[in-house]
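Each remark here refers to the structure printed beneath this line.
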Amino acid sequence: MSLPFSPLSKLYRPLPILQLYRHYISPSRPICVSFRPSPHLQASMAASQPMAVEAPTLAHPVDVASHAPHVNVSASSNGRPNSRTNGARKRYEESSSEDEKPLAKKARPVANGNGNTARGAAASDSDLSEDDQPLAKKKVNGRTSASKEIRDYSDDDDVSESASESESDEPLAKKKPAAKPRSSNAKAQAKKSAATSSSEDEKPLAKRAKAAPKKAVKKEYSSSEEDEKPLAKKAKASSSKVKEEKKPVVKKEKKVKEEEQEEQFKWWEQAEGDGTVKWTTLVHNAVLFPPPYVPLPKDVKMKYDGVPLTLPPESEEVAGFFGAMLGTDHVEDKVFQANFFRDFKAMLEQYPPKEGIKVTSLEKCDFRPMYEHFEREREKKKAMSKEEKKALKDAKDELERPYLYAEIDGRKEKAGNFRAEPPGLFRGRGEHPRKGTLKHRLRPEDIIINIGKDAPIPKPNIPGNWKGVQHDNTVTWLAHWKENVNNQAKYVFLSAGSAWKGQSDRAKFEKARELINHVDQIRKDYTVDLKSKITAERQRATALYFIDRLALRAGNEKGEDEADTVGCCSLRYEHVTLEPPNKVIFDFLGKDSMRFHQEVEVDAQVFKNIKIFKAEPKGKGDDLFDRLNTTGLNKYLNDQMKGLSAKVFRTYNASWTFQQQLKNTPKNGSVQEKIAAYNTANREVAILCNHQKTVSKGFAESFAKMADKVRALKYQRMKLRYQLFTLEPKMKKKRADLAETESDMDEEFMERHEEELLEKALEAAKKKFERDNVKLEESQEKKKPKSELDDRLKEIKAEFKALSKERKTKSVEPKKGATVEKLLEQITKMDERIAAAKVQMSDRDKTKDVALGTSKINYIDPRITVAWAKKYDVPLEKLFTKALREKFPWAEAEADEDWVF
DNA sequence: AGTTCGACTTAGCAGGCGTGCA
DNA sequence: TGCACGCCTGCTAAGTCGAACT
């Protein structure tokens with residue numbers, strides 16, 4: 001939408017980032033009806049956009065094989081298991097080249113239709129007999145031909161034909177038909193029909209009533225039995241037992257402290273249950289609904305074709321959602337616009353403007369009056385006095401208080417996301433086909449709550465009745481609903497610090513630690529399987545190699561109605577490129593549409609395999625691992641080790657890498673230096689897991705500022721050198737190293753710098769003069785005459801003139817008392833400052849697009865941090881935020897300084 | 001066996017807030 | 001003392017994975 005003259009085009013003027021419109025603007029305003037969207041709103045979605053795949057820009061080759069997390073994590077930063085392309089990353093955003101590059105996915109069905117016969121016929125068996133030959137026309141005709149298409153590798157390394165052989169080489173049964181229209185069609189259809197069957201709402205509990213209670217009852221029995229012989233199982237978990245025995249000493253002191261603060265439930269000291277029954281009593285207030293929509297003041301109206309529209313609250317609210325987003329990228333996004341406008345029009349259909357104007361073009365919509373209103377409101381809010389702000393916050397706290405905690409088996413536990421999600425426009429990430437779609441306002445009738453049988457059923461804070469009330473004690477959620485945009489389930493759970501979350505978190509890390517004992521065998525196995533004659537095995541081994549070495553995610557299949565992102569099993573032909581002799585270039589969009597772009601050197605066999613998996617007749621849009629899916633992979637892993645799945649490798653490798661990296665901590669360093677080492681280790685892990693963040697807006701500027709600071713230091717150093725040489729010309733030869741000019745000290749910078757210094761000096765002198773006079777006045781003395789200041793300013797200017805002269809003559813009059821020794825010392829100090837500033841700079845640069853938090857929260861066993869903190873005597877609060885400490889109390893209790901992952 | 005569902009973990013974004021610096 | 005800036009937190013989207021359903 002680029003109509004330079006349309007009202008909407010005004011939106012595109014750069015606008016300050018705005019705070020998202022919140023729905024709490026004024027709780028005291030009158031209540032207004034909440035709307036219920038018409039069913040047809042949910043209907044058809046705009047066709048998904050084709051997507052362009054950026055051409056890979058490669059950087060930083062990495063030898064994965066030798067730096068894989070488990071192989072060695074060397075002390076040097078080169079030892080990172082992998083490294084990322086600098087700058088090139090970023091979530092994939094709509095690209096203008098879109099049209100030229102058809103959506104891979106989309107292309108598939110077409111390729112499918114055509115490709116079937118063509119490929120099948122073209123690829124004769126004799127085509128393939130070499131190692132580098134492809135698997136024969138795999139998955140060509142989908143199911144029917146599948147078993148016939150299978151080819152085995154007839155000897156260790158080489159692929160050759162033996163079509164008749166191998167029952168065992170069945171492809172994954174289903175094997176998406178050829179270039180696959182994907183199962184998602186069916187899925188989408190099913191979803192659609194489900195959505196249209198409105199009766200769903202009316203008989204909400206039918207299913208649940210059947211399933212849940214039964215489960216619950218069963219579980220309840222087993223739980224009571226469990227209680228009687230609680231330790232039977234425990235005994236098996238010997239390791240944890242040993243730990244428990246050791247502990248009491250350490251704990252006693254701690255206990256006192258903790259109990260003072262608040263009686264905390266120390267679940268990690270309790271016997272473990274069997275994990276199926278989660279609670280016996282459960283009391284809570286479910287969700288807090290946001291206040292109803294408050295119509296805008298009468299004079300705030302969006303315009304259509306220049307005419308102000310008087311909208312009913314229902315449609316005004318939707319207009320406001322868009323209006324509040326002016327200035328963001330979303331507003332300029334075509335898909336976002338289309339989805340929004342479709343839903344907005346539908347809303348207008350039902351709640352038309354008073355003026356009777358038919359809204360047919362988004363370009364004619366001008367939401368700026370709304371935007372400006374929100375801006376004003378925001379300013380007002382900001383300008384409120386402390387008391388007003390506090391009053392507002394108190395009111396909010398009061399409102400939320402009943403929802404903050406749940407009571408579980410008599411214990412108080414903090415609830416997590418108890419606020420019902422307010423309505424708004426769906427902000428899907430990357431190229432999500434539904435971004436911009438209206439997310440409806442939730443009513444009690446949308447929400448199912450899960451609560452104890454004897455617990456009072458909470459009353460919603462807005463009129464209405466819960467969609468359902470169930471008592472399933474095998475699950476941990478308090479409330480749940482389906483959102484309308486993607487028809488996905490949303491849950492209210494307890495907070496991260498709760499026993500439930502803590503227990504499963506700990507179990508996760510224990511599982512990852514268990515992998516330590518199996519990983520050697522697993523690696524051996526997959527290394528052998530890389531040469532397997534059975535394609536499926538070879539693919540599985542290769543995939544596992546990537547999951548293990550590159551920390552790729554499993555990569556489930558995705559539907560057409562989601563952003564096109566992939567993980568290991570769903571990698572497609574175009575996502576990996578081979579560069580002989582042994583380099584593989586990955587370039588794809590992973591979770592959250594974050595780009596994964598790496599060049600890695602792989603084992604020769606892996607390289608060979610990829611070549612085979614990519615061979616004709618495969619092409620763009622085809623699965624790289626056509627005989628593999630996550631279910632199969634995880635089944636295999638589970639056979640290797642109970643409870644093992646692909647994601648465990650990420651946890652294991654992250655924690656393991658972290659622990660290895662921490663060995664670089666300087667034993668005698670300052671706390672700061674130690675923390676720096678800690679953060680470096682953290683960063684390595686974040687890079688391993690490809691955790692990214694957008695570079696902050698002001699980064700370029702602030703980085704340039706830093707660079708200037710470094711240069712200013714160099715400038716000072718230069719002056720010191722000149723003094724030195726003026727004082728003792730012999731030094732020029734003696735210390736030839738000091739005769740060299742500082743790097744990036746060009747004339748232009750120096751001039752600018754000197755001017756800035758002058759400016760500052762003048763300013764400072766003026767201020768000082770004023771201050772002095774104020775003081776004099778206070779003490780009732782005579783003020784200094786203005787002429788004194790003028791003299792001073794002249795003096796300063798003269799001094800600064802000398803600067804440029806000094807620069808040109810490269811000679812500086814030594815300061816009073818200067819000696820060669822003193823100057824040399826000063827220069828050394830300056831060198832240190834420069835070096836430190838440079839380190840800081842490169843650090844900032846390296847970290848600008850790496851998100852450290854995610855790995856800390858989810859992947860790094862917190863006990864590693866606790867142990868490290870104890871060992872190196874670093875206060876834990878410097879490593880963990882309050883929230884993290886609340887999340888990991890068990891780690892603090894459990895890990896002493898000798899603890900190892 | 002394939003597909004969908006359910007429950008739970010993992011993820012980046014954006015706004016608020018505290019802090020360090022000029 | 002004000003203000004930029006970076007960190008923290010809340011929010012909710014987007015994954016994983018096993019079980020249930022068809």
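In what follows, chains are A, B, ... by sequence order, proteins preceding strands, each numbered from 1.
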Provide, to the nearest angstrom, the distance between the [atom1] atom belonging to [X] and the [atom2] atom belonging to [N].
| X | N | atom1 | atom2 | result |
| --- | --- | --- | --- | --- |
| A/Q503 | B/dA7 | CD | P | 19 Å |
| A/K642 | C/dG18 | NZ | P | 12 Å |
| A/N450 | B/dC8 | CG | C1' | 14 Å |
| A/I860 | B/dA11 | CD1 | C1' | 15 Å |
| A/K490 | B/dC5 | NZ | C1' | 16 Å |
| A/D708 | B/dA22 | CG | C1' | 17 Å |
| A/N638 | C/dC17 | CG | C1' | 11 Å |
| A/L494 | B/dT9 | CG | C1' | 15 Å |

- Query: When you match A/G643 and A/F418 each to their closest nucleotide on DNA chain C, which lands nearer the 5' end?
  - Reply: A/F418
- Query: Is it the case that A/N486 and A/D561 place a side-chain donor and acceptor less than 3.5 Å from each other?
  - Reply: no
- Task: Answer with yes or no whether the side chains of A/Y491 and A/T476 bring together a donor and an acceptor at under 3.5 Å.
- Result: no
- Item | Contact state string [nucleotides 2-9 of chain C, B base, S sugar-phosphate only, - no protein heavy atom under 4.0 Å] | ---SS-SS
- Message: So if I apply the salt bridge (Lys or Arg N to Asp or Glu O under 4.0 Å) rule between A/E421 and each of A/R427, A/K490, A/K482, which one comes out positive?
- Response: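 Exactly one pass, corresponding to A/K490.
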- For residues A/N858 and A/F509, report the shortest heavy-atom separation together with the two atoms involved.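 Reported closest heavy-atom pair: O-CZ, 3.8 Å.
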- Minimum-distance pair of heavy atoms, taken over all atoms of A/F546 and A/C568: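 Shortest heavy-atom contact: CB-SG, 4.2 Å.
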Would you mind telling me which of [options] lies closest to the side-chain atoms of [X]?
| X | options | answer |
| --- | --- | --- |
| A/D505 | B/dT10, B/dA7, C/dT12 | B/dT10 |
| A/N417 | C/dT12, B/dA7, B/dA11 | C/dT12 |
| A/T854 | B/dT9, B/dG12, B/dC13 | B/dG12 |

- Query: Counting any heavy atom closer than 4.0 Å, what does A/Y859 reach on the DNA or RNA strands: base, sugar-phosphate only, or nothing?
  - Reply: sugar-phosphate
- Message: What's A/T631 touching, base or sugar-phosphate or nothing? Going by heavy atoms closer than 4.0 Å.
- Response: nothing
Taking the six-membered ring where the residue is Trp, are the ring centres of [X] and [Y] under 6.0 Å apart?
| X | Y | value |
| --- | --- | --- |
| A/H691 | A/Y859 | yes |
| A/Y371 | A/F322 | no |
| A/F426 | A/H432 | yes |

With respect to the phosphate group of [N], does any side-chain polar atom (N or O) of [X] fall under 4.0 Å of OP1 or OP2?
| X | N | answer |
| --- | --- | --- |
| A/K635 | B/dA1 | no |
| A/H691 | B/dA11 | yes |
| A/T694 | B/dG12 | no |

- Query: Run the salt bridge (Lys or Arg N to Asp or Glu O under 4.0 Å) check on A/D845 and A/K848 step by step: do they pass?
  - Reply: CA-CA 5 Å; A/D845 190 43; A/K848 67 174 189 282; 3.0 Å; yes
- 5' precedence on DNA chain B between A/K709 and A/K501 (nearest-nucleotide basis): A/K501
Dump the pairs, protein N or O against N or O of nucleotides 14-16 of chain C, anything under 3.5 Å, distances to one decimal.
from	atom 1	to	atom 2	distance (Å)
C/dA14	OP1	A/R429	N	2.6
C/dA14	OP2	A/H432	ND1	3.4
C/dA14	O4'	A/D592	OD1	3.4
C/dG15	OP1	A/T565	OG1	2.8
C/dG15	OP1	A/D592	N	3.0
C/dG15	OP2	A/K558	NZ	2.5
C/dT16	OP1	A/A554	N	3.4
C/dT16	OP1	A/G555	N	2.7
C/dT16	OP2	A/N556	N	3.1
C/dT16	OP2	A/N556	ND2	3.1

- To the nearest 0.5 Å, how far apart are CG in A/N629 and CD in A/E557?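 Answer for the CG-CD pair, A/N629 versus A/E557, is 7.5 Å.
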